[in-house]
S.K.: 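Below you'll find the structure I mean.
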Amino acid sequence: MTLTSLPEWSNLRRHRDSFAHRKLRDLFAEDPQRGDHLAAEYDGIYLDYAKNRITRETLPLLVALAEARGLRSGIDAMFSAERINSTEGRPVLHTALRAPRGASVLVDGDNVVPHVHEVLDRMGAFADKLRRGSWKGHSGRPIRNVVNIGIGGSDLGPAMAYQALRAISDPGLNVSFVSNVDGHDIAGVLDGKDPAETLFIVSSKTFTTVETLTNARTARRWLLSQAGSPSAIRHHFVAVSTNTVAVEAFGIDASNMFEFWDWVGGRYSLHSAIGLSLMVAIGPVNFREMLDGARSIDEHFQTAPLEQNLPVLLGLLGIWNRNFLGSHTHAVLPYDQRLNRFPAYLQQLDMESNGKSIDRDGKPVAIDTAPIVWGEPGTNGQHAYYQMLHQGTTPVPCDFIGVLRPSVDLLEHHELLMANLFAQAEALAFGRTLGEVAATDNMGHPEHRTFRGNRPSNTLLIPELNAYRLGQLIALYEHKIFTQGWIWGVNSFDQWGVELGKVMASRIADEIHSFDGQLAGHDSSTTALIARYCRARQEGILV
Ligand code: G6Q
């Protein structure tokens, strides 16, 4: 049966229509305990979802939909290594990356957990050596700069987590990330660094990604321009990949390679060796705490009843907002500057996973799938796009994320920060009526100073931001996305749109390279653009 022909789907539509005229204001007024009832908590994470446009009847109906779509068996299928990534014929096992030593997850009869821990141990030994200063560069000096070269899933996770956990990072090591093929990226990172003290971690699952290989070749030339002999490479380059042959072909010794596996999707790979740069920064103990945090949510996702299951709740509320209330976008608003890359990280995780319009059976989907995910840390966004959140024509469901205890001793700042978070969620939900405006001021133009309210949000509160809590947050959203993808019936674990992008530019790059005034085979707009660029190049306008 298709999703929209399920009785559970129709029940939800009827339910929506039954209270469409009631606003969040009314719902709160009718149910004074709403804030306590529409909330859930697990292992320190508190989720308030009372400011969604739901009643107490909504959740059971959403859970019934999840059950009708076999969410429970989908979760079991993922954890037990069934090949749920059907278009690539692979299991989906980022959860095995945080399984404890001694656990068993079988892929083709082979327990992958010992391999996971073997690589984690090698990563730990390497990270310790770097952090102690006993890994030396070609001239015998210790490494002070670590540069991760990778893109997409091989960049966003470690870069986001490094920002989040800088407070516990080794101050003696300068960790940077290069992703863009735009030379300004690597040039900016290399500027002022000494090759003799710099180590590159080339992170690429496939080791064929043109951006990463181009940056890695530039880094190699930069090193060799000082070091001279290619024998220096082994002191300054390590690789993280599934592709040993390509790593060796690049000139990196297999003993300097940290492996992961094709059952780890790029955007789900932070907890694999792709997290090596992060582990170097925060140390192996903290890295394992991040895995522990993620495992805590994995266990919760597997075992908690659906109506108390945090990732399931987030997923179901997302479906409610997307499919029943027609929201096109979803804002992630961390009220914590350390999480400033978290929205970008989630953007990939969510939009690359569920940005699909063909279902698992190869048929076009009949519903909207992934919303546009975006966001910025508060309070900065308040002085920019929140205007539209409050008074624009398109309601945007928001996730506010707050951290109870900051890691800097500036209480005045933190209290203002948290006050702003609470105030924004409240203002979005309740708005401000004409009567309220008139009662509080008479500055004129009262109609411009009213706010319709009724704008939904979740608020997540975590006790502090450390490696464990970050691991929890990551797994929470990973499983939220799984929940939605499973119910929508899409494969959340392939990315053919990304693959397309990887091959599209190469033909034009060749044409630019051998441009002789003639271009064939493109539309008139593309031809004019390429020709304009090539002429600028010929005229020496480009440096
Ligand atoms: C992630 C995507 C994509 C990928 C990058 C880098 O799920 O597949 O973002 O991570 O394209 O790929 P490589 O790691 O193979 O270089």
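Indexing begins at 1, ligand by ligand and atom by atom, following the structure's order. Being a predicted model, the structure only gives us computed values, none of them experimental. Heavy-atom basis, side chains included; hydrogens, waters and symmetry copies ignored.
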S.K.: Which ligand 1 atoms, with their elements, are less than 4.0 angstrom from a heavy-atom of Thr209?
M.R.: 12 (O), 13 (P), 15 (O), 16 (O)

S.K.: Against heavy atoms of Gln495, which atoms of ligand 1 measure under 4.0 Å?
M.R.: 7 (O), 8 (O)

S.K.: Check for me whether Glu211 has a heavy atom closer than 4.0 Å to any atom of ligand 1.
M.R.: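 Not so, Glu211 does not reach ligand 1.
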
S.K.: Where is the nearest protein heavy atom to atom 1 (C) of ligand 1: which residue, which atom, and how far?
M.R.: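 The answer is Glu352 OE2, 2.8 Å.
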
S.K.: Between Tyr533 and Phe515, does the ring centre distance come in under 6.0 Å?
M.R.: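 Centroid distance Tyr533-Phe515: not below 6.0 Å, so no.
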
S.K.: Can you tell me the protein heavy atom closest to atom 9 (O) of ligand 1 and the distance?
M.R.: Gln348 NE2, 2.7 Å

S.K.: Which of the numbered atoms in ligand 1 are below 4.0 angstrom from a heavy atom of Gly266?
M.R.: 1 (C), 7 (O), 10 (O)

S.K.: Which of the atoms in ligand 1, numbered in the order shown and given with their element, are less than 4.0 Å from a heavy-atom of Ser154?
M.R.: 10 (O), 13 (P), 14 (O)

S.K.: Please check: side-chain N/O of Asp523 versus main-chain N/O of Ser525, any donor-acceptor pairing under 3.5 Å?
M.R.: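 Yes; judged by distance alone, with no hydrogens or angles, the pair exists.
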
S.K.: Is a side-chain donor-acceptor pair under 3.5 Å present for Asp368 with Asn323?
M.R.: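 Asp368 and Asn323 do not have a side-chain donor-acceptor pair below 3.5 Å.
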
S.K.: In Å, rounded to the nearest 0.5 Å, how long is the span from OG1 of Thr218 to CG of Asp185?
M.R.: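 So the gap between those two atoms works out to 11.0 Å.
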
S.K.: Which ligand 1 atoms does Ser204 reach within 4.0 Å, using its non-hydrogen atoms?
M.R.: 13 (P), 14 (O), 15 (O), 16 (O)

S.K.: Thinking salt bridges, do Arg122 and Glu118 make one under a 4.0 Å N-O criterion?
M.R.: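 Looking at Arg122 and Glu118, the cut-off is not met.
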
S.K.: Which residue holds the protein heavy atom closest to atom 4 (C) of ligand 1, what is that atom called, and what is the gap in Å?
M.R.: Gly153 N, 3.8 Å

S.K.: In terms of residue, atom name and distance, what is the protein heavy atom nearest to atom 12 (O) of ligand 1?
M.R.: Lys502 NZ, 3.3 Å

S.K.: Of all the atoms in ligand 1, which lie at a distance below 4.0 Å from a heavy atom belonging to Arg267?
M.R.: 1 (C), 7 (O)

S.K.: Restricting to pairs with a member in residues 263-288, which pass salt bridge (charged side-chain N to carboxylate O under 4.0 Å, His left out), not counting sequence neighbours?
M.R.: Asp121-Arg288, Arg267-Glu352

S.K.: Could you tell me whether the side chains of Gln226 and His138 share a donor-acceptor contact shorter than 3.5 Å?
M.R.: yes

S.K.: So which heavy atom in the protein is nearest atom 15 (O) of ligand 1, and how far is it from that ligand atom?
M.R.: Thr206 OG1, 2.6 Å

S.K.: Students should be able to answer this: which protein heavy-atom is nearest to atom 5 (C) of ligand 1, and at what distance?
M.R.: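 Sorting protein heavy atoms by distance from atom 5 (C) of ligand 1 puts Ile151 O, 3.5 Å first.
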
S.K.: Mind checking what makes salt bridge (Lys or Arg N to Asp or Glu O under 4.0 Å) contact with Arg144, not counting sequence neighbours?
M.R.: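 So Arg144 forms a salt bridge (Lys or Arg N to Asp or Glu O under 4.0 Å) with Glu197.
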
S.K.: Can you confirm whether the side chains of His115 and Asp110 place a donor and an acceptor under 3.5 Å from each other?
M.R.: yes

